Amino acid sequence: MNRLITFEGVDGCGKSTQLKLAAAWLEARGEKVVCTFEPGDTALGKEIRRLLLAGEFVPVAESELLLFLADRAQHVREVIQPALESGAWVLCDRYSDSTLAYQLAARKLGDGATNLKEMLNFAECGVSPALTLWFDLPVAIAAERMKKRAEAGEKPTRLDDEAISFHERVAAAFAAQFDADEGRIVRIDASRDIKGVKEQVELLLQRRFS
Ligand code: TYD
């Protein structure tokens, strides 16, 4: 059984909090769980993450895409694949749907003639999610949350600082991906409070996997 579950959505949608709660829920049922994230959860990936997000460099869109994909391949081979082979559930904060939304849609790289989706498949090294939770939240609310985080001292990444129109394109792309793949992608209403969102996630996991 494929036990890879990915968590997706715009910056500020609350998916990272929900990932931890979902892991605790699975662990309470005696399941082995590995929590991970992109970009940056390998030694090489940590460096790639710094290059991509710290703001010191501004990669052209093509380089940005390739760096996210390099991080992914390293992550799959080093972390995700071994964890799945050990029988663990792998809960991954962002995966290929983020690349589709941020690079192919928001950066408009998907408009070209090259079939970039094939490159995305290549970087996944044959490992696709069984289930993707899309935390759907209007960009205006997400932006408010990001502002609060910044006021609380969290340093925004280079992509957090993109214009609202960029984040709107990301959000629209997630919605389109959901429409195109409703079997794998499930919409979670992320505008509810933490408990309200947690309940939706747990209900879904129960329905799908028990
Ligand atoms: P991070 O601080 O991990 O934010 P979040 O908690 O919102 O996931 O930053 C990751 C950023 O990288 C986020 O803005 C989305 C972006 N990203 C891409 O643009 N493409 C990708 O393929 C991935 C995995 C992430």
Side-chain angles (χ1 to χ4, degrees), residues 4-22 35-42 44-76 79-80 90-110 116-117 119-125 127-129 132-137 139 141-150 152-174 177 188 190 194 197:
L4 174 62
I5 305 178
T6 58
F7 289 62
E8 298 279 9
V10 294
D11 296 278
C13 70
K15 63 187 166 40
S16 310
T17 305
Q18 293 298 330
L19 187 150
K20 289 189 202 104
L21 293 170
C35 296
T36 186
F37 63 91
E38 291 192 358
D41 205 13
T42 62
L44 175 63
K46 205 170 161 204
E47 293 301 310
I48 298 174
R49 180 184 174 92
R50 184 176 59 75
L51 296 174
L52 274 168
L53 298 179
E56 187 184 346
F57 304 104
V58 182
V60 296
E62 290 82 357
S63 299
E64 185 179 276
L65 170 69
L66 292 166
L67 286 167
F68 275 113
L69 296 185
D71 172 73
R72 176 151 316 126
Q74 192 71 26
H75 187 214
V76 171
V79 177
I80 299 180
V90 177
L91 308 189
C92 186
D93 194 338
R94 299 196 179 281
Y95 201 60
S96 295
D97 290 299
S98 279
T99 319
L100 277 165
Y102 284 79
Q103 280 69 51
L104 271 56
R107 290 270 188 247
K108 303 180 180 173
L109 282 174
L116 295 177
K117 287 195 182 160
M119 281 174 53
L120 265 59
N121 286 340
F122 176 71
E124 284 188 354
C125 307
V127 178
S128 301
T132 295
L133 306 187
W134 165 45
F135 293 83
D136 183 19
L137 186 71
V139 169
I141 303 178
E144 267 306 307
R145 290 188 188 171
M146 296 301 286
K147 206 172 131 204
K148 283 204 185 110
R149 283 188 205 170
E154 201 176 297
K155 198 177 176 303
T157 69
R158 184 177 60 83
L159 291 179
D160 292 337
D161 285 340
E162 285 285 347
I164 281 287
S165 56
F166 177 87
H167 293 287
E168 292 284 5
R169 288 199 294 278
V170 170
F174 278 126
Q177 283 154 225
I188 302 288
I194 292 183
V197 178

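Not measured: the values here are computed from a predicted model. When a residue number appears, it is its place in the shown sequence, counting from 1. Every number for a ligand or one of its atoms is a count from 1 in the order of the listing.
- Where the criterion is an N or O separation shorter than 3.5 Å, residue side chain and backbone included, K15 meets it with respect to ligand 1.
- Residue contacts with ligand 1 for L53 involve side-chain atoms from C-beta outward but no N, CA, C or O (heavy atoms, distance under 4.0 Å).
- Counting only heavy atoms of the protein, atom 20 (N) of ligand 1 lies nearest to Q103 OE1, 2.8 Å.
- In this structure, atom 18 (C) of ligand 1 lies nearest to the protein heavy atom F68 CZ, 3.2 Å.
- Which parts of ligand 1 touch T157 is read off a 4.0 Å heavy-atom cut-off, strictly below it: atoms 2 (O).
- Among L19, D11, D160, the residue whose heavy atom lies nearest to atom 13 (C) of ligand 1 is D11.
- Applying the salt bridge (Lys or Arg N to Asp or Glu O under 4.0 Å) criterion to R169, with sequence neighbours excluded, gives no partner residue.
- For L44, the CG atom sits in a packed shell: over 12 heavy atoms of surrounding residues, nucleotides or ligands are nearer than 6.0 Å.
- The CZ atom of F68 sits 5.0 Å away from atom CD of Q103, with the distance rounded to the nearest 0.5 Å.
- At least one N or O atom of R49, backbone or side chain, sits closer than 3.5 Å to an N or O atom of ligand 1.
- Under a 4.0 Å criterion applied to the non-hydrogen atoms of L159, ligand 1 contributes the atoms 12 (O), 14 (O), 16 (C), 19 (O).
- Using cut-offs of 30° and 60° for the angle between ring planes, the F135 and F7 rings count as parallel.
- With 3.5 Å as the limit, one finds no donor-acceptor pair spanning the side chains of E38 and S98.
- For the residues L65, D97, L104, T99, the heavy atom positioned nearest atom 22 (O) of ligand 1 is part of T99.
- Annotation: side chain of V76 is in contact with side chain of Y95 (closest heavy-atom distance under 4.5 Å).
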Open item on the list: Before you tell me yes or no, could you show the steps for L65 and E62 under side chain to side chain contact (heavy atoms under 4.5 Å, CB included), namely the whole-Å CA-CA distance, both residues' side-chain angles and the distance that decides it to 0.1 Å?
Closed with: CA-CA 5 Å; L65 170 69; E62 290 82 357; 5.9 Å; no
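- Near Y102, meaning under 4.0 Å from one of its heavy atoms, ligand 1 places the atoms 14 (O), 15 (C), 18 (C), 19 (O).
- Taking a cut-off of under 4.0 Å to the non-hydrogen atoms of S16, the atoms of ligand 1 that pass are 6 (O).
- Partners of R149 by side chain to side chain donor-acceptor pair (under 3.5 Å), not counting sequence neighbours: none found.
- Residue R72 approaches ligand 1 through these ligand atoms, each under 4.0 Å from one of its heavy atoms: 22 (O), 24 (C).
- Nearest protein heavy-atom neighbour of atom 8 (O) of ligand 1: R94 NE, 2.6 Å.
- Using a cutoff of 4.0 Å between basic side-chain nitrogens and carboxylate oxygens, D11 and R94 are scored as salt-bridged.
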